[in-house]
Chemist: 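I'd like to ask some things about the structure below.
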Amino acid sequence: MIEPDMLTIFLATALLIVVTIILALYRATIGPEVYNRVAAVNVIGTKTIVLLVIIGYIFERPLFFDISLLYALLNFIGTLAFAKYLERGEVWSS
Amino acid sequence: MGEKSSAKSGKGFGIFVTFCAMFLFWLLLSGILDVLHVGAGIICSLIIAFVSYDLLVTQKWDKMLRKSGRFIIYVVWELWQILLANFDVAYRVLHPKMPIDPSIIEFDTSLRSDLAIVTLANSITLTPGTITINIDQEKGRFQVHSIAQKPADALLVDKTMQEKVAKVFMEE
Amino acid sequence: MVELIVTILLVVVVLFLAAGVFFMLAGAIGLLRLPDFYTRLHATGKCDTLGEVLIIFGLLLYHIYYYSPGAELSVQLVPVKLLFLICFIFFANPTATHAIMKAAYNTGVKPWKKGDRRM
């Protein structure tokens, strides 16, 4: 079983990460151009990886680590595809 | 990259290394050691190794071993630079007056290979106050956005990072 | 003796978590405060990378304390997965930052100069 002290510390860490996600969400909502929004969404995605790992320890489910690995790969590829689309107007260039 | 002579001499070694990497990654993700799972892993890794062996290994193995030895020493130095960079950015962000003076600079390097250029670009992005914007691989020209004058001088005048990366990949 | 080592380990874990959260908060504040797109990416590209890596490394140390040697193989492999995650973040985060920045520069987003209005 997880100790109560460490559980409190993990919960506090997760809450602070959620606060940073909300700050980034503000930038994604108002953010003057499309590039500010893409950057903010990328930041939210990378913060979500860490949040998933911490949730894996809070609920004691090792499966969450696989999900966070998958999320890291998907977030990276998604950002690259979005940047390429914004630059050239198409994703598959022949 | 991808000359025919180097690809031919290192084909068996390339297939072997790719197979080992893929199979270890399979074991890492599954973690179940019965005949069905391990057998499926071996078959999948073999298919991937035969299709894409030339993506991972592009040189002779003794050269790669020496390079990776020097690369680890470089990574230790790089970690220390990353720590400095973070304190620098945190200071600039949390300072009430925000001491920033952005500018875009250009410089040439002697690096040509893919891996060396990627290493230098990522190092520039992670170290104090600079981010890579554009790279011209033919000329080895880097365009860099710097947040203040001092980090720009570190790249333009001192050139410590370029020298270290060039030493790791031996392209002086 | 064992209790002392465990206490030191847990203190180190908490220090890693606190440092990571500090850098992530600094990155988020920078994302809000800095004047334009390029300088904002300075804050997110560096602070977020190190903050996330510090937090995951702290959890990796905690895992050594937490799971006994009798656990299943898939549970014992978790530190290796976390190490892979750390390497991947170090490789992928600067590349994503560079990709967005290159797209913005090539489509003609003007960089902010000292004395300009905030964007």
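Protein chains get the first letters and strands the later ones, always in sequence-line order, with residue 1 at the start of each.
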Chemist: What part of C:F84 gets within 4.5 angstrom of chain B, counting heavy atoms only: side chain, backbone, both, or neither?
Modeler: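 Side chain only.
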Chemist: Rounded to the nearest 0.5 Å, what's the gap from CG on B:L83 to CG on C:L50? Could you check?
Modeler: 6.0 Å
Chemist: Ignoring hydrogens, what is the shortest heavy-atom contact between C:P94 and B:N122? Give both atom names and the distance.
Modeler: CB-OD1, 3.6 Å
Chemist: More than 12 foreign heavy atoms under 6.0 Å from CZ of B:F23: is that the case here?
Modeler: yes
Chemist: Looking at C:K46 and B:T125, would you say the former's side chain and the latter's main chain have a donor-acceptor pair under 3.5 Å?
Modeler: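 Yes: the side chain of C:K46 pairs with the backbone of B:T125.
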Chemist: Could you grab the distance from atom CG of B:L29 to atom CG of C:L77, nearest 0.5 Å is fine?
Modeler: 9.5 Å
Chemist: Could you report the tightest heavy-atom contact between C:A43 and B:V93, atom names first, then the distance?
Modeler: CB-CG2, 4.5 Å
Chemist: Is there a side-chain contact between C:F90 and B:I82 (heavy atoms, below 4.5 Å)?
Modeler: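 The answer is yes; the side chains approach within 4.5 Å.
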Chemist: Measuring heavy-atom distances to chain B, does C:N106 have an atom under 4.5 Å in its side chain, in its backbone, in both, or in neither?
Modeler: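 Just its side chain gets close to chain B.
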Chemist: Does B:F50 CZ have over 12 foreign heavy atoms under 6.0 Å away?
Modeler: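 For B:F50, atom CZ is not crowded (no more than 12 foreign heavy atoms under 6.0 Å).
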Chemist: When you compare the side chain of C:H98 with that of B:I131, does any pair of heavy atoms fall below 4.5 Å?
Modeler: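 Answer no - side chains too far apart.
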Chemist: B:R92 side chain to C:G30 main-chain N or O, any donor-acceptor pair under 3.5 Å?
Modeler: no
Chemist: Could you look at C:L41 and say if it's the side chain, the backbone, both or neither that has a heavy atom under 4.5 Å from chain B?
Modeler: both
Chemist: Heavy-atom count around B:F16 CZ within 6.0 Å, excluding the residue itself: above 12?
Modeler: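 Not buried by this count: 12 neighbours or fewer within 6.0 Å.
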Chemist: Does any part of the side chain of C:Y105, heavy atoms only, come nearer than 4.5 Å to the side chain of B:H145, both counted from C-beta?
Modeler: no
Chemist: Let me know if C:T49 has heavy atoms under 4.5 Å from chain B in its side chain, its backbone, both or neither.
Modeler: side chain
Chemist: Please check if the number of heavy atoms outside B:Y74 that lie under 6.0 Å from its OH is greater than 12.
Modeler: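 Enclosed: over 12 neighbouring heavy atoms sit under 6.0 Å from OH of B:Y74.
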Chemist: At a heavy-atom separation under 4.5 Å, does B:T130 approach chain C through its side chain, its backbone, both, or neither?
Modeler: backbone
Chemist: Who wins among B:L27, B:V89, B:I133 for the most heavy-atom pairs under 4.5 Å with chain C?
Modeler: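 If we count pairs closer than 4.5 Å to chain C, B:I133 comes out on top.
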Chemist: Centroid-to-centroid, C:F22 to B:F87, below 6.0 Å?
Modeler: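 Ring centres of B:F87 and C:F22 not closer than 6.0 Å.
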Chemist: Drop me the distance from B:N134's CG to C:K102's NZ, to the nearest 0.5 angstrom.
Modeler: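 These two atoms lie 6.0 Å from each other.
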Chemist: Between B:S146 and chain C, with a heavy-atom cut-off of 4.5 Å, which part of the residue counts as in contact: side chain, backbone, both or neither?
Modeler: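 The backbone, not the side chain.
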Chemist: Quick one: what part of B:L33 sits under 4.5 Å from any heavy atom of chain C, side chain, backbone, both or neither?
Modeler: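 Just the side chain, heavy atoms under 4.5 Å.
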